[in-house]
Amino acid sequence: MEQRRLGREGPLVGAIALGAMGFAGWYGPSDDEAGMAAIRRALDSGITHVDTAEAYGQGRSEGLVGRAAAGRPEAVIATKASRGRPEYLREAIDRSLGHLGMERVDLYYLHRVDSEVPIEETMGAMADLVAAGKVGAVGLSEAAPATVRRAHAVHPVAALQTELSLLHRDPEAELIPLCAELGITFVAYSPVARGLLTGRIRSEDDLDPADWRRQVPRMQQGNLEENLARILRLEDLAGRLGTTLPALAVAWVLSRGEHVIPLVGMSRPERVDDNLRALDVRLGPAELAEIDEILPPGAAAGLRYPEALMGGVDR
Ligand SMILES: NC(=O)c1ccc[n+]([C@@H]2O[C@H](COP(=O)([O-])OP(=O)(O)OC[C@H]3O[C@@H](n4cnc5c(N)ncnc54)[C@H](OP(=O)(O)O)[C@@H]3O)[C@@H](O)[C@H]2O)c1
């Protein structure tokens, strides 16, 4: 399977990565056995990078990831800290390693830039965790370009994890080129737009009552119909290309640069097989132009997060 590097000097990983947020029930009921089977299928198929966070069920997702990846040296694991204060980070890494059942994690992210702590202070503490051998490399999530530059000046940022899909193309303008310039891997989360680009969500009623996505404006009545009209056209293109809608969506993310890794939420093994089809999709200038016409930057209707959470992103 095609491989891409995590950071300038980090390990090579499969070009598609597996996200384990769904294991904690964010998108409706989850099934622990199916989630762990998804990770094992992924590792067997060359998807070696697995992403989790302490915030995903207060260690629940980390625990499942640790169990599924035990005895699999090819697994390259990332997890995330919720806050940026040095004292917090020193305790949080030990909690995460405890949940994972590991002595070291390959990549440790700051989940959201902490508005109360200068990024230099956070990066200094992260560098100490690297020096202590608890963390292989440091990442940021949803950081703005100026923050990425400031952080990278203190300690190399190996990966920037930020939302990127055909429904959220903003990072193409500045962040993706910046990452290429600095040797940072752009880990693209929600590449199938939290399920919208799989064709399985046709109305709000397709979401479980406890599904967090019901709060996302993009998935709510009015906006959803508008987005679906474009998604149906994309599905038609996928059919003409002999592939599926999610495979086309993941292939488009892969086409954004050699340093871009789509991080797909996959909570059951059959998702792995489906999404691997993205590696066979070839997007030439004609296909990319058609995609741009269907879903140009800024085309999606509705915010990508509930209004109250928008202050935490791109900070
Ligand atoms: N840093 C951050 O702030 C942040 C925020 C959000 C997400 N993330 C990370 O990014 C990962 C992915 O993001 P995400 O889960 O929000 O969005 P996503 O990958 O765009 O979408 C995941 C959803 O699509 C479904 N799906 C995936 N492939 C499919 C296929 N081939 N056919 C049908 N359905 C398919 C999944 O179903 P199943 O779950 O049933 O497999 C899940 O409901 C997360 O797991 C997490 O690791 C990070």
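Atoms within a ligand are numbered from 1 in the order they appear, just like the ligands themselves.
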Set out, in order, the CA-CA distance, both residues' side-chain angles and the distance that settles side chain to side chain donor-acceptor pair (under 3.5 Å) for Tyr56 and Lys80, then state yes or no.
CA-CA 9 Å; Tyr56 302 161; Lys80 311 185 194 78; 3.0 Å; yes
Select one of side chain, backbone, both or neither to describe which atoms of [X] lie under 4.0 Å from any atom of ligand 1, heavy atoms only.
X      : result
Glu142 : neither
Ala20  : backbone
Met21  : both
Glu163 : neither

What's the shortest distance from [atom] to any protein heavy atom, and which residue and atom give it?
atom                    : value
atom 1 (N) of ligand 1  : Ser141 OG, 2.9 Å
atom 10 (O) of ligand 1 : Tyr189 CB, 3.3 Å
atom 43 (O) of ligand 1 : Arg213 NH1, 3.4 Å
atom 36 (C) of ligand 1 : Gly265 O, 3.4 Å
atom 30 (C) of ligand 1 : Arg271 CD, 3.7 Å
atom 16 (O) of ligand 1 : Tyr27 OH, 2.5 Å
atom 39 (O) of ligand 1 : Ser267 OG, 2.9 Å
atom 24 (O) of ligand 1 : Gly195 CA, 3.5 Å

Gln161, Lys80, Arg112: member with heavy atom nearest to atom 3 (O) of ligand 1:
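Residue with the shortest heavy-atom distance to the ligand atom: Arg112.
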Closest candidate by heavy atom, reference atom 14 (P) of ligand 1, pool Ala24, Ser190, Pro191:
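Answer by nearest heavy atom: Ser190.
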The test is side chain to side chain contact (heavy atoms under 4.5 Å, CB included); show your working for Arg218 and His168 and say whether it passes.
CA-CA 11 Å; Arg218 203 156 277 188; His168 178 63; 4.0 Å; yes
Please work out whether the ring planes of Tyr305 and Tyr189 are parallel, tilted or perpendicular, with thresholds of 30° and 60°.
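It falls in the perpendicular class, over 60°.
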State, without any angle test, whether Thr48 and Glu74 hold a side-chain donor-acceptor pair at a distance under 3.5 Å.
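On atom types as modelled, these side chains do not qualify, holding no pair under 3.5 Å.
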Could you check whether Tyr27 and Arg213, counting side-chain N and O atoms only, form a donor-acceptor pair closer than 3.5 Å?
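No, no side-chain donor-acceptor contact under 3.5 Å.
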Hey, is [atom1] on [X] packed in by over 12 heavy atoms from elsewhere, all under 6.0 Å?
X     : atom1 : answer
Gln58 : CD    : no
Arg72 : CZ    : yes
Glu87 : CD    : yes

Is the shortest N/O to N/O distance between Arg194 and ligand 1 below 3.5 Å?
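Yes, Arg194 has an N/O under 3.5 Å of an N/O on ligand 1.
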Does any N or O of ligand 1 fall below 3.5 Å from an N or O anywhere on Val264, backbone included?
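Min N/O separation from ligand 1 is not below 3.5 Å for Val264.
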Mind checking whether Leu167 and Trp212 sit in one hydrophobic cluster, side chains of I, L, V, M, F, W, Y counted as touching below 4.5 Å?
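The answer is yes; both residues are in one hydrophobic cluster.
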Which atom of Val272 lies closest to which atom of Ser45, heavy atoms considered
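Closest pair (atom of Val272, atom of Ser45, distance): CG1-OG, 4.0 Å.
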